[in-house]
Amino acid sequence: MKTVLHYLRPRLGIMSVGLLIKFFGTVAELLLPWMLSIILDKAVPAGALGGILFWGGLMVLCAAAALGGNVIANRLACSTSRDVTRRLRHDLFARVMQLSCAQEDAFTTPSLISRLTSDTYNVHQMVDRMQRLGVRAPILLVGGIALTLSLEPVLTLVLIATLPLLGLVVWFVSTRGIRLYTRTQLALDALVRRAQESMAGIRVIHALSKGDYERARFDEANARAVNCDQRAGFLMNVTNPAMNLLLNAGLTVVIVLGAYRVNAGLAQPGSIIAFLSYFTIILNALMMVSRLFVMYSKGAASGRRIAEVLAAPADLAPQNIPPVQEDAFLRFDHVSFSYDKVKDTLSDVSFSLKRGQTLGIIGPTGSGKTTILWLLLRFYDPDSGAVRLNGRDVRSIPPEVLHSKFGVVFQNDFLYADEIGENIDFGRGISPEQTAAAARTAQADFIAQRKGGFSAQLAAKGANLSGGQKQRVLLARALAADPEILLLDDSSSALDYKTDAALRRALARDFADTTKIIVAQRVSSIQNADRILVLEDGRAAGLGTHSELLRSCESYREIAQVQMGEGE
Ligand SMILES: Nc1ncnc2c1ncn2[C@@H]1O[C@H](COP(=O)(O)OP(=O)(O)OP(=O)(O)O)[C@@H](O)[C@H]1O
């Protein structure tokens, strides 16, 4: 709730005006039965037409004030909740964008999506309802009880006697509600994850005719989410009838007692009618309070989930590490790293490159090739050792400065549903000439030949391109900003051998000063690299040129033999 209150602070002025209008509107509404009792008990028996007209006119004015006040206050409440949600969503998204990969892994993507969508919606609803009902319900409740006390103190005691029981119901609902709604949100996270997985793999699912299997998996997650929501809903649904029961029981006692008191001449009929109206008003106010607690339970649970992300520490903040004097441009210095902090993913890996040199990385799947790139980009920090650029530890370089040095193509990289040119530019203001040059180096000549050229529209994830075309657009994107360091993670695997060779020649020619790290499965993609790192289960099994490794590294010789028949 602290987080939500923080976002409400800039709106305090407007909220106060809205709540003040709500206050007066509700007071006007509350006075209506009291005025009715004056008309019935005083003006009518005295036959005072002037009195009847005066109080009747006042009632019309009060009713109009109540209506107008409510409408204006509700509109103000709406604008506040909209504004709070917009700012909250904006900051949450900005924070999500800055999360480290380790934090992303911990929160999980589906959970972050539902925090950005359904959780912010729940907070929106809570802020909205709190303003609409938060003032109205207590005034109707407290004011109603005060007025009934002045009208009929004896009967009011019956009303007051039921209040502790009602309070107990509200307390029980709100404490259990937060727990149940947190569980519901977790089930929704799982549902989003299932939907995301199925959408991402929809072609494989079709190809393997696994539609039924996926539907069953989705239904299972769906049923769990519905079940959790049902439990929370059941608790909330029990609240209203339970309160109704208590209040109707009280109402029955009031009617019986009221009839007895009128009969005995201890009370007037007008007061009893007004009392019954107040009883209904108080009943409604209590219903509002219980609804408020439902919204509060949901909103508070969601607010807590949002606050967790906003409060996540900036664990990639630059650290104060003094630079060292060294001749290498890029150095991995005895780096060890583990994702789960149990088993090392990389163990004591070292290599260095001079500016403009190329490192090829090869090794079995899961040997840690991509992890080396993650550490270079400081998506994760090494557990021991250091990654340095020009003698500066990457942990001491501000992320935006560090990342501006890189051009990257990752495995399964993404393309927007936008023009090809926009996908290459990626919001960096790259000139059309630079874009065209990058596309030429990336061997993406097909773009110019395509209808619309660089303005041709891509489908989401580049679905209207072939695998090889996609890789070449992604390469053009990586090259367009003329990076100091180029990281290519298995990014030419879909290219035919001829195009792959042409790409390597173009890179060597047009990006001679760019330091390149190329992760590849094909020996042919890296055999001309200045150095090749052979990884095996996170360890450097070999480091050298192609011919050196053929002589000295058995596992490299085996790969080369299988792929090219070399080294025998
Ligand atoms: N985010 C992560 N959390 C936990 N473990 C991970 C994570 N990413 C990768 N791993 C694990 O770390 C190991 C190395 O993964 P990495 O992606 O670096 O391998 P790779 O050599 O690039 O594999 P491939 O050739 O298949 O792309 C694997 O065992 C993988 O399961």
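Quick caveat: nothing in here was measured; it's all calculated off a predicted structure. Just so you know, ligand 1 is whichever comes first in the structure, and atom 1 is the first atom listed for that ligand. Only this structure's heavy atoms are used, side chains among them; waters, hydrogens and symmetry mates stay out.
- Annotation: cation-pi geometry not satisfied between R87 and Y7 (NZ/CZ under 6.0 angstrom from ring centroid, within 45° of ring axis).
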Could you tell me, for ligand 1, which of its N or O atoms are under 3.5 Å from any protein N or O, listing the pairs and their distances rounded to 0.1 Å?
unit_1, atom_1, unit_2, atom_2, d
ligand 1, 1 (N), D105, OD2, 3.2
ligand 1, 1 (N), Y380, OH, 3.4
ligand 1, 18 (O), T370, N, 3.4
ligand 1, 18 (O), T371, N, 2.9
ligand 1, 18 (O), T371, OG1, 2.5
ligand 1, 19 (O), G368, N, 3.4
ligand 1, 21 (O), G366, N, 3.4
ligand 1, 21 (O), S367, N, 3.1
ligand 1, 21 (O), G368, N, 3.0
ligand 1, 21 (O), K369, N, 3.0
ligand 1, 21 (O), K369, NZ, 2.9
ligand 1, 22 (O), T370, N, 2.9
ligand 1, 22 (O), T370, OG1, 2.7
ligand 1, 23 (O), G366, N, 2.8
ligand 1, 25 (O), K369, NZ, 2.8
ligand 1, 25 (O), Q521, NE2, 3.3
ligand 1, 27 (O), Q411, NE2, 2.8

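- The residues E214 and R217 are annotated as salt-bridged, a charged nitrogen and a carboxylate oxygen being separated by less than 4.0 angstrom.
- Between the CD atom in Q521 and the CD1 atom in I559 there is a gap of 8.5 Å [rounded to 0.5 Å].
- Residues forming a side chain to side chain contact (heavy atoms under 4.5 Å, CB included) with P399 (at least two apart in sequence, or on another chain): P318, H403.
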| message | Pair Y339, T371 - check side-chain hydrogen bond (donor to acceptor under 3.5 Å, both in side chains), show working. | response | CA-CA 9 Å; Y339 286 105; T371 305; 2.9 Å; yes

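- Judged by the 6.0 Å and 45° rule, R378 forms no cation-pi pair with F337.
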